Novice: 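Take a look at the following structure, please.
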There are 2 protein chains.
Amino acid sequence: MQNTKPRVSKATISRIPLYYRAVVQLQQEGVARIRSERLSEIIHIPSATIRRDFSSFGELGKSGYGYSIATLVEEFGQLLDVDSSEAIILVGVGGLGRALLMNNFRRNPDLNIVMAFDADPDKVNTRIGGIPVYPFATLAAHMNPNIHTAILAVPSSAQTGVIGTLEAFGINAIMTFAPQPVACAPQTTIRYIDLTSELQTLLYTAHQKMKVR
Amino acid sequence: MQNTKPRVSKATISRIPLYYRAVVQLQQEGVARIRSERLSEIIHIPSATIRRDFSSFGELGKSGYGYSIATLVEEFGQLLDVDSSEAIILVGVGGLGRALLMNNFRRNPDLNIVMAFDADPDKVNTRIGGIPVYPFATLAAHMNPNIHTAILAVPSSAQTGVIGTLEAFGINAIMTFAPQPVACAPQTTIRYIDLTSELQTLLYTAHQKMKVR
DNA sequence: CTGACCTTGTGAACGCTTACACAGAATTCA
DNA sequence: TGAATTCTGTGTAAGCGTTCACAAGGTCAG
Ligand SMILES: NC(=O)c1ccc[n+]([C@@H]2O[C@H](COP(=O)([O-])OP(=O)(O)OC[C@H]3O[C@@H](n4cnc5c(N)ncnc54)[C@H](O)[C@@H]3O)[C@@H](O)[C@H]2O)c1
Ligand SMILES: NC(=O)c1ccc[n+]([C@@H]2O[C@H](COP(=O)([O-])OP(=O)(O)OC[C@H]3O[C@@H](n4cnc5c(N)ncnc54)[C@H](O)[C@@H]3O)[C@@H](O)[C@H]2O)c1
């Protein structure tokens with residue numbers, strides 16, 4: 001029995017992180033206000049889209065003035081829940097997993113990989129970037145019910161099994177680099193980062209562009 | 001003055017790599033034919049979408065039969081130009097760059113990182129995963145006019161400069177992991193892989209799902 | 001305080017993408 | 001061969017997202 005239920009579109013949601021990053025950056029530069037037209041130049045999103053997106057969260061701006069950076073930082077920060085730190089686990093400490101551990105979303109203090117797991121005995125019981133790496137078989141012993149998020153960097157062939165196990169331990173948000181599609185439980189959200197597809201699509205698009213000219 | 005110009009939508013293009021991977025996999029398993037409904041179960045794309053997509057490349061299937069795997073592999077392979085090997089350079093051999101070099105899209109023989117560059121003297125004049133790493137300053141000496149594609153894994157702050165240099169040497173397709181938006185030449189296509197945004201969007205979506213139930 | 005100026009928020013049009021549903025074409029099997 | 005069955009390709013409609021364009025409302029200088 002709340003208010004008018006102003007649904008936020010998927011497309012808008014996927015842009016919130018970009019808006020948040022931009023306004024935080026501007027705030028650090030000491031900028032106090034911005035208009036949609038100027039923000040458009042910075043992040044390369046049409047100003048009409050920006051205004052439409054912003055308005056779906058309420059009337060954030062002021063006519064003839066623009067938007068207050070502080071308001072935007074506050075609003076998007078709340079939407080992304082940056083005040084409560086998100087504990088994330090990583091599974092698969094190969095090349096990619098190692099890179100993620102070393103970086104650990106350093107710029108975003110709310111995003112934290114807190115531990116990692118691997119099936120390979122040679123890779124476990126050590127620390128990478130300060131984060132402990134445990135045997136995947138000991139997942140049960142290290143998991144705790146406050147952790148709902150995992151990043152996967154395991155081979156495609158291992159993915160289905162790993163996701164099944166993680167779901168059993170309460171994980172319901174997964175970002176994975178293995179493109180193997182997995183049927184998951186309804187409460188689980190999976191985001192595939194498919195680097196090969198991204199590259200192939202890029203190449204196809206670039207080639208098309210060449211042909212046209 | 002060609003034929004009917006059957007335009008292929010962006011959404012369809014981004015799915016070609018998925019289709020290609022699936023049909024190659026099926027071919028390796030010895031499958032000879034498939035119907036849209038079955039393929040839908042495998043890759044989790046609605047069968048109507050699959051049929052619509054496929055039909056935009058001509059009449060690939062047969063009523064009452066389905067699609068011949070061999071035809072699909074051939075068709076998508078041609079679209080993605082898998083027969084002519086793509087020479088790619090990598091710039092930025094940090095954690096992520098190293099992981100990319102070690103992997104080098106092993107499963108896709110047409111995608112090849114042929115050399116890498118870094119600005120840090122400690123990281124150059126060596127080989128990683130068999131691929132030579134050169135000083136970024138020597139780009140001119142190593143570039144050749146058959147290379148049009150680059151993958152970037154440099155810090156955001158370095159990105160604009162690096163892209164400018166690459167464009168000057170004929171690069172027109174770039175996949176980058178630094179989210180810093182860059183204004184590029186019109187013939188250049190840039191694809192941003194923004195891991196932080198992907199993760200934040202995932203978390204937002206997953207949190208929403210929790211609230212609803 | 002006033003008026004010129006500026007910028008938002010949004011109705012409406014548009015274009016792209018997905019989804020439905022089925023006619024017709026090809027297959028399969030007896 | 002013929003009839004029942006299968007499955008594509010696509011007309012059509014619905015849904016979603018973007019873009020245009022401007023009225024309404026707030027700003028700000030003087
Ligand atoms: N690195 C790239 O350039 C690249 C490109 C495209 C796709 N990918 C995909 O990303 C994923 C990770 O890539 P990578 O280069 O880090 O691979 P990698 O082989 O270097 O690392 C995989 C890690 O997963 C571990 N592992 C295997 N099975 C496991 C299990 N059941 N439980 C826990 N850990 C397990 C292995 O011990 C290894 O440490 C792969 O699926 C790969 O296909 C990577
Ligand atoms: N690793 C992650 O988990 C992660 C997550 C999100 C975003 N990213 C982004 O991906 C990019 C790469 O990440 P990383 O973890 O590999 O970073 P990194 O710091 O490990 O590596 C960056 C590399 O780029 C090199 N470099 C710096 N300036 C250069 C220049 N002008 N020319 C050539 N090389 C230069 C550095 O010497 C270094 O080797 C960064 O932009 C980072 O923000 C990484």
Side-chain angles (χ1 to χ4, degrees), chain A residues 3-19 22-23 26 31-72 74-76 197 201 204-205 208, chain B residues 3-19 22-23 26 31-72 74-76 197 201 204-205 208:
Chain A
N3 52 10
T4 49
K5 185 93 161 173
R7 193 182 154 280
V8 180
S9 80
K10 276 196 168 195
T12 300
I13 291 171
S14 73
R15 284 187 292 262
I16 299 175
L18 304 181
Y19 294 140
V23 295
L26 287 164
V31 179
R33 58 187 269 194
I34 191 143
R35 55 211 161 82
S36 60
E37 201 59 58
R38 176 81 188 96
L39 187 54
S40 169
E41 290 164 13
I42 296 173
I43 56 180
H44 299 150
I45 290 172
S47 62
T49 300
I50 292 175
R51 291 199 301 281
R52 175 82 59 191
D53 282 349
F54 285 14
S55 75
S56 67
F57 302 111
E59 309 213 342
L60 271 42
K62 284 189 272 192
S63 303
Y65 175 92
Y67 300 87
S68 149
I69 293 283
T71 307
L72 296 180
E74 170 70 14
E75 180 67 28
F76 294 130
S197 286
T201 304
Y204 183 96
T205 308
Q208 289 299 112
Chain B
N3 51 11
T4 50
K5 185 94 163 171
R7 194 182 153 280
V8 181
S9 81
K10 276 195 168 196
T12 299
I13 291 170
S14 74
R15 283 187 293 261
I16 299 175
L18 304 181
Y19 294 140
V23 295
L26 287 164
V31 179
R33 59 188 269 196
I34 190 145
R35 60 210 158 81
S36 60
E37 201 58 57
R38 176 80 189 99
L39 187 55
S40 169
E41 291 164 13
I42 297 174
I43 57 180
H44 298 151
I45 290 172
S47 61
T49 301
I50 292 175
R51 290 199 301 279
R52 176 78 65 186
D53 282 348
F54 285 13
S55 75
S56 68
F57 302 112
E59 309 212 343
L60 272 42
K62 284 190 273 190
S63 302
Y65 175 93
Y67 301 88
S68 147
I69 293 284
T71 307
L72 295 180
E74 170 70 15
E75 180 67 27
F76 294 129
S197 286
T201 303
Y204 183 96
T205 308
Q208 288 300 112

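Just so it is clear, the values below take in all heavy atoms, side chains as well, and ignore hydrogens, waters and symmetry mates. Note that this is a predicted model, so its numbers are computed, not measured. Within every chain, numbering begins at 1; the chains are lettered A, B, ... in the order of the sequence lines, protein sequences first and strands thereafter.
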Novice: Counting only side-chain N and O atoms of A:Arg33, is one of them less than 4.0 Å from OP1 or OP2 of D:dC28?
Specialist: yes
Novice: D:dC16 C1' sits how many Å from B:Lys10 NZ, rounded?
Specialist: 16 Å
Novice: Side chains of A:Ser36 and A:Arg51: is there a donor and an acceptor less than 3.5 Å apart?
Specialist: yes
Novice: What is the distance from CG of B:Asp53 to P of C:dA19, rounded to the nearest Å?
Specialist: 11 Å
Novice: Check whether NZ of the Lys or CZ of the Arg B:Arg35 lies under 6.0 Å from the centre of the six-membered ring of B:Tyr65 and within 45 degrees of that ring's axis.
Specialist: no
Novice: When you measure from the side chain of B:Ser63, which nucleotide among D:dC7, D:dT18, D:dT10 comes out closest?
Specialist: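 The listed nucleotide nearest to B:Ser63's side chain is D:dC7.
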Novice: Please name the pair of heavy atoms, one in A:Ile13 and one in A:Pro17, separated by the smallest distance, quoted to 0.1 Å.
Specialist: O-CD, 3.4 Å
Novice: In this structure, how many angstroms lie between the P atom of D:dC16 and the CD1 atom of A:Ile13, rounded?
Specialist: 13 Å
Novice: Counting only side-chain heavy atoms from C-beta out, which of D:dT10, D:dT8, D:dT27 sits nearest to A:Tyr65?
Specialist: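 So the nucleotide nearest the side chain must be D:dT27.
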Novice: Any side-chain N or O of A:Tyr67 below 4.0 angstrom from OP1/OP2 of C:dG9?
Specialist: yes
Novice: With a 6.0 Å cut-off on the ring centroids, do B:Phe76 and B:Phe54 count as close?
Specialist: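 Ring-ring flag for B:Phe76/B:Phe54: true, centres closer than 6.0 Å.
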Novice: Confirm from the modelled atom types if B:Arg52 and D:dT12 form a donor-acceptor pair under 3.5 Å, side chain to base only.
Specialist: yes
Novice: Counting just side-chain N and O atoms, does A:Thr49 come under 4.0 Å of either OP1 or OP2 of D:dT19?
Specialist: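 Answer yes for this pair, as a side-chain N or O of A:Thr49 is under 4.0 Å from OP1 or OP2.
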Novice: Report which part of the nucleic acid B:Glu59 touches: base, sugar-phosphate, or nothing (heavy-atom distance under 4.0 Å, all strands).
Specialist: sugar-phosphate
Novice: What protein N or O atoms touch nucleotides 21-23 of chain C N or O atoms at under 3.5 angstrom, if any, and at what distances?
Specialist:
| from | atom 1 | to | atom 2 | distance (Å) |
| --- | --- | --- | --- | --- |
| C:dA21 | N6 | B:Arg51 | NH2 | 3.3 |

Novice: What's the shortest heavy-atom distance between B:Thr71 and B:Leu60, and which atoms?
Specialist: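 Answer, listing the atom of B:Thr71 first, then B:Leu60: CG2-O, 4.2 Å.
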Novice: How would you label the contact of A:Arg38 with the nucleic acid (heavy atoms, under 4.0 Å): base, sugar-phosphate, or nothing?
Specialist: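 Touches nothing.
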Novice: What distance separates A:Thr201 OG1 from B:Lys10 NZ, expressed to the nearest 0.5 Å?
Specialist: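 Going from the OG1 atom of A:Thr201 to the NZ atom of B:Lys10 covers 11.0 Å.
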Novice: What nucleotide, of D:dT19, C:dA19, C:dT10, holds the atom closest to the side chain of A:Pro46?
Specialist: D:dT19
Novice: Indicate whether OP1 or OP2 belonging to C:dT17 is found under 4.0 Å from a side-chain N or O atom of B:Ser9.
Specialist: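 Yes, B:Ser9 has a side-chain N/O under 4.0 Å of OP1/OP2 on C:dT17.
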Novice: Please report, rounded to the nearest Å, how far the C1' atom of D:dT8 is from the CD1 atom of B:Ile50.
Specialist: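 About 13 Å, once rounded to whole Å.
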Novice: Rounded off to whole Å, could you give me the CZ-to-P distance for the A:Arg7 and D:dC16 pair?
Specialist: 6 Å
Novice: Reckon B:Thr12 touches a base, only the sugar-phosphate, or nothing at all at heavy-atom distances under 4.0 Å?
Specialist: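 No contact at all - B:Thr12 keeps every heavy atom at 4.0 Å or more from the nucleic acid.
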Novice: How long is the straight-line distance from CD1 of A:Ile43 back to OH of A:Tyr19, given to the nearest 0.5 Å?
Specialist: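 With rounding to 0.5 Å, OH (A:Tyr19) is 5.5 Å from CD1 (A:Ile43).
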Novice: Output the single nucleotide from D:dT27, C:dT18, C:dT28 whose closest atom is nearest the side chain of A:Lys62.
Specialist: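 Nearest listed nucleotide: D:dT27.
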Novice: Can you tell me how far P of D:dT6 sits from CD1 of B:Ile34, to the nearest Å?
Specialist: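 Taking atom P of D:dT6 as the reference, CD1 of B:Ile34 is at 17 Å.
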Novice: Please give, in whole Å, the distance from D:dC7 C1' to B:Leu72 CG?
Specialist: 14 Å
Novice: Closest heavy-atom contact between B:Ser40 and B:Ile45?
Specialist: OG-O, 2.8 Å
Novice: In whole angstrom, give the distance that lies between atom CZ of B:Arg35 and atom P of D:dG9.
Specialist: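 My rounded result for the distance is 15 Å.
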